[in-house]
Each structure stands twice: as structure tokens, then as C-alpha cells.
Amino acid sequence: MLRTSLLAAAALLLSTQLQAKTCELNIDSTDQMTFGAKELTVAADCTEVKLTLHHVGKLAKNVMGHNWVLTKTADYQPVASEGMKAGADNDYLTPGDARIIAHTALIGGGETTSVTFPVSKLEKGGDYTFFCSFPGHWAVMHGKLVFGG
Ligand code: CO
């Protein structure tokens, strides 16, 4: 009996560990209006993603601001162009836009910011795009996020 409950306890502990796995992603952004990666991969066993955005440049947020915004690829262009109209006060994102899966704050040179979101918002094999929503940036500052790779 004792052995059985120990095994059960061990199995429970193991499954708890399996249930919570925060995977960390890091990406740089620059004064040259670029991200440091064109593709990011979230492993299939992650339950949560912590994405950290570094702005390694020197230019101010109102000149060369960067954020990291994640949507389905089909939503990326409309979310970006509508976000532009939302203005600087909203970090160029429409408040409450349900198409936004996750986003960081908008930052300037020398700053770092991060966002944590559950992987349950993603589908394995789904088509996701990350981008910067600062006006004029999204057309060049974008990449793919792959889940389950
Ligand atoms: Co930008």
C-alpha cells in the first residue's frame, strides 16, 4: 500500500512538472528597424512562453519604438494597420483587440520588456506572425512563430 501511494505521489509530482513549463524566448531589436530573428520556435511541451524583447539601439521610443506583437498570420496586417490609428498613447495597438494573442510594451533604445502568455492560445502547426506595430515598422519588422517544432 505504502509503495503504491509513493508511486502515485511520484506520478503526481511528475505530471505537475509536466503541466507547467515556461519556455523563454529572447529577441533583439535595433535602431536599423530590425528584429534579431526571423523565426521563433515554441517547443510542443511548453505550457507558457516568456518572451523578452531587448532594444539594443540608442534611439528614443517616439523615434524608433519597438514592441513584439503576436497574431495569427491572417490577422497581422489588419491588426497592424488598425493599431497605427490607435496612436502612441495605446502603443499603436487597438485596446482590447481579441486578435492579439500577446504583446509587450513599446520600448526605446537600451530598454527591455517581457510578456508571458499561455501556450493554450496557440494551435500546433498554426500560422503565427510576430511584428512591431510602430508606424511604418510592421512591413519590415516581422517574423514567424512556430509552435510544436
Ligand atoms: Co519598431
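Atoms within a ligand are numbered from 1 in the order they appear, just like the ligands themselves. Quantities reported herein were computed from a predicted structural model and do not represent experimental measurements.
By the criterion of a separation under 2.8 Å, the protein N/O/S atoms near the Co ion (ligand 1) amount to G65 O, H66 ND1, C132 SG, H137 ND1.
Between Y76 and W138, the two ring planes are perpendicular [angle over 60°; tilted spans 30° to 60°]. Ring geometry for F130 against F35 counts as perpendicular: the plane angle is over 60°, on a 0 to 90° scale with 30° as the lower cut.
Between H54 and I107 the shortest side-chain heavy-atom distance does not fall below 4.5 Å.
Atom NE2 of H55 sits about 7.0 Å away from atom CE of M64, to the nearest 0.5 Å.
Judged by distance alone, the side chain of T104 and the main-chain N or O of W68 form a donor-acceptor pair under 3.5 Å. Between the D91 side chain and the L93 main chain, no donor and acceptor come within less than 3.5 Å of each other.
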